[in-house]
Amino acid sequence: MTVGVPAPARLPRPFPVLGHAIHLMRSPLRFVETLRSHGDVVRIRLGPQPVHWVNNPDLVRQVLASGSFTRGAQGDKLRIVIGSGLVTIDGDLHRRHRRLMQPAFHRARIAGYVETMRELTTEMTQRWRDGERIEADREFAELTLRVVGKTLFSTHLAGDLVDEVVRSIPLMLRGVGRRIRDPIGLRGKLPTPANREFDSAIRRLRKVVDRIIAEYRAGGDDHGDVASMLLLAHDEETGEGLSNQEISDEVLTLLTAGTETTANILAWAMHHLAERPEVEARLHAEVEAVLGDRAVTAEDLASLRYLHAIVMEALRLYPQAWILTRRALAPVRLGDIELPTGASIYFSPYALQRDPAIYPNPDRFDPDRWADDRSTLTQRPSFVPFGGGRRQCIGDVFAMTELTVALATIAQNWRLERVSGPPVRIDSSSTLKPSHLPMTPRHKPRG
């Protein structure tokens, strides 16, 4: 450490062997929030690894915007599971993959997915019966799995994939969560039933994905879906495209990153709408004014401003990537702190987005925070639900579109009421999902 430069603050009393990881495992959300009181940069220990935890939103933005960091510990662990996709790769390889994948997530292309999103949401609601309880979290999980499956592979071949996605992705995500939170790296190596189930789910998914990619490659047609875009893409600088293995890794990455995450935000939004009837009433009034009886289209999305604010507030309270990591490629200065090459950086969007110094009454669901006259510049550096900088989630517009279409389609005809029982808690075992979400659909009368 350079003489005269402050060292990062330290938390007291790490446990033997596990360090502060025991706190992260026992009470993860409470732990990441307590770190902000220890300073802008706090040095802790997760297992044998020293970690520099960044609590200042401006410093977090500096890390996200800089090219001086790799993905870090999360990327190392995820690469073993899902291969070399955008979430796990760095440097020139990341830039090449992002260039090749960007057209598949262009706004004009995403607009073409709106019909699929709307149709699948309508199919879900047509199974509901007025007054009959549903497990809303499970309904939304299956919906988002089917949306991603059908937009990745739009042809009849997608049936196998969608069924396998619905079966295997939840098992895979639970296994990924266990591995990311394991400070020693032992849990994923033990021959436990959960690990065998996890390995089997990945093998099944790989088998289906690889078969469909091979059939798409042989056909050579553009089916108007993400897989076609990836297969047909060529780098303007080199003329090269993605190999089958690279596409398989990217498909698995998209399935992992784009299913449960979106389902959870939809579930939390519906939970809070049931808790706040005045917010629900404003949403229904806006949907009625903008859409009336007709189906939502891509052209309507910009007009659903209050619905957009509801989604933003759900993203603020429940960022799905609630811990992010980076690793320094060279010595770096964060504020008054100098960190060496190889320093491990952690930060928590969850803690940033619930900071009472930035968001008054931070645990309250308040969509009006995102009204034009109340959404201030001081909030923006701390709002990172999709990451930021070079590694901002490539599917952020896709997710926002899917959430808007699904909420608008549901709100046209349905209200979801709370069911009495134990309170809904945050399950942080992988993403931030509701512990359970039983709800009762009520059909809205017209007029």
Side-chain angles (χ1 to χ4, degrees), residues 118 121-122 124-141 143-144 262-296 300-301 303-319 353-354 359-375 385 400 402-427 432-447:
R118 185 185 65 239
T121 305
T122 301
M124 174 187 69
T125 61
Q126 286 174 343
R127 297 192 299 268
W128 297 351
R129 296 294 178 264
D130 195 310
E132 292 186 7
R133 169 175 157 161
I134 62 170
E135 302 301 322
D137 50 332
R138 297 178 191 172
E139 291 279 301
F140 300 146
L143 169 65
T144 56
T262 309
N264 292 343
I265 295 299
L266 182 56
W268 285 119
M270 297 307 300
H271 166 70
H272 284 287
L273 288 171
E275 296 264 329
R276 300 281 305 280
E278 74 282 8
V279 173
E280 181 187 60
R282 286 178 63 183
L283 168 64
H284 288 167
E286 179 179 79
V287 169
E288 177 67 24
V290 173
L291 302 180
D293 292 335
R294 63 179 178 78
V296 63
D300 296 316
L301 302 185
S303 301
L304 295 166
R305 298 180 65 184
Y306 192 65
L307 192 159
H308 178 79
I310 288 170
V311 172
M312 292 285 281
E313 185 68 345
L315 287 166
R316 181 189 70 82
L317 283 170
Y318 309 101
Q353 294 174 191
R354 290 185 182 234
Y359 300 96
N361 200 2
D363 296 331
R364 178 178 171 79
F365 184 82
D366 180 10
D368 282 330
R369 293 181 202 274
W370 304 101
D372 291 341
D373 58 343
R374 289 182 58 187
S375 181
M400 292 295 294
E402 182 180 359
L403 287 163
T404 304
V405 170
L407 278 169
T409 302
I410 294 169
Q412 273 191 297
N413 295 294
W414 296 93
R415 297 176 53 252
L416 294 184
E417 295 179 349
R418 295 177 56 193
V419 172
S420 61
V424 177
R425 296 175 291 100
I426 302 175
D427 177 352
L432 299 184
K433 59 186 176 183
S435 55
H436 62 293
L437 195 62
M439 303 191 85
T440 302
R442 299 292 183 186
H443 207 279
K444 283 173 51 184
R446 286 293 182 184

Under the ring pair (Phe, Tyr, Trp, His ring centres under 6.0 Å) test, residues paired with Phe140 that sit two or more places apart: none

Flag side-chain contact, heavy atom, 4.5 Å: Ile426 against Pro434: no

Residues Glu275, Arg418: salt bridge by 4.0 Å N-O rule: yes

Partner residues of Asp137 under the side chain to side chain donor-acceptor pair (under 3.5 Å) criterion, sequence neighbours left out: none

Leu437 side chain reached by Glu135 side chain, heavy atoms, under 4.5 Å: no

Beyond-backbone contact of Trp128 with Ile134, side-chain heavy atoms, under 4.5 angstrom: yes

Residue list, ring pair (Phe, Tyr, Trp, His ring centres under 6.0 Å) with His284, at least two apart or on another chain: none

Any residue meeting side chain to side chain contact (heavy atoms under 4.5 Å, CB included) with Arg425, in chain and number order, not counting sequence neighbours: Ser435

CG-CE distance between Leu416 and Met439, expressed to the nearest 0.5 angstrom: 5.0 Å

Side chain to side chain, Thr262 and Leu143, heavy atoms closer than 4.5 Å: no

Any residue meeting side chain to side chain donor-acceptor pair (under 3.5 Å) with Arg138, in chain and number order, not counting sequence neighbours: none

Pairing residues for His271 by the ring pair (Phe, Tyr, Trp, His ring centres under 6.0 Å) criterion, not counting sequence neighbours: Trp268

Gap between atom CG of Leu432 and atom CG of Asp427 - 0.5 Å precision: 8.5 Å

Pairing of Arg415 and Glu417 as salt bridge, 4.0 angstrom limit: yes

Residue pair Lys444 / Gln412, side-chain heavy-atom distance below 4.5 Å: no

OH-CD1 distance between Tyr318 and Ile265, expressed to the nearest 0.5 angstrom: 9.0 Å

Nearest-0.5 Å distance that lies between atom CG in Leu407 and atom CG in Leu283: 7.0 Å

Side chain to side chain donor-acceptor pair (under 3.5 Å) contacts in which one or both residues fall within residues 306-316, not counting sequence neighbours: Glu313-Arg316, Glu313-Arg369, Glu313-Trp370

Closest approach of Pro385 to Gln353 (non-hydrogen atoms, all atoms of both residues): N-OE1, 3.2 Å

Min side-chain heavy-atom separation Val279-Ile310 under 4.5 Å: yes

Side chain to side chain donor-acceptor pair (under 3.5 Å) partners of Gln126, counting only residues at least two apart: none

Audit row: Met270, Ile410, side chain to side chain contact (heavy atoms under 4.5 Å, CB included) steps and yes/no: CA-CA 10 Å; Met270 297 307 300; Ile410 294 169; 4.2 Å; yes

With sequence neighbours excluded, residues passing ring pair (Phe, Tyr, Trp, His ring centres under 6.0 Å) with Phe365: His272

Where Leu273 and Glu280 come nearest, the two heavy atoms and their spacing: O-CB, 3.7 Å

Partner set under side chain to side chain contact (heavy atoms under 4.5 Å, CB included) for Thr409, not counting sequence neighbours: Arg118, Thr121, Thr122, Val296, Val405

Heavy-atom closest contact (Glu286 atom, Ser303 atom, distance): OE2-O, 3.9 Å

Thr144 side, atom OG1; Glu139 side, atom CD - distance, nearest 0.5 Å: 11.5 Å

Non-neighbouring partners of Arg129 that pass side chain to side chain contact (heavy atoms under 4.5 Å, CB included), sequence neighbours left out: Glu132

Sequence-distant partners of Asp130, side chain to side chain contact (heavy atoms under 4.5 Å, CB included), two or more places apart: Arg442, His443

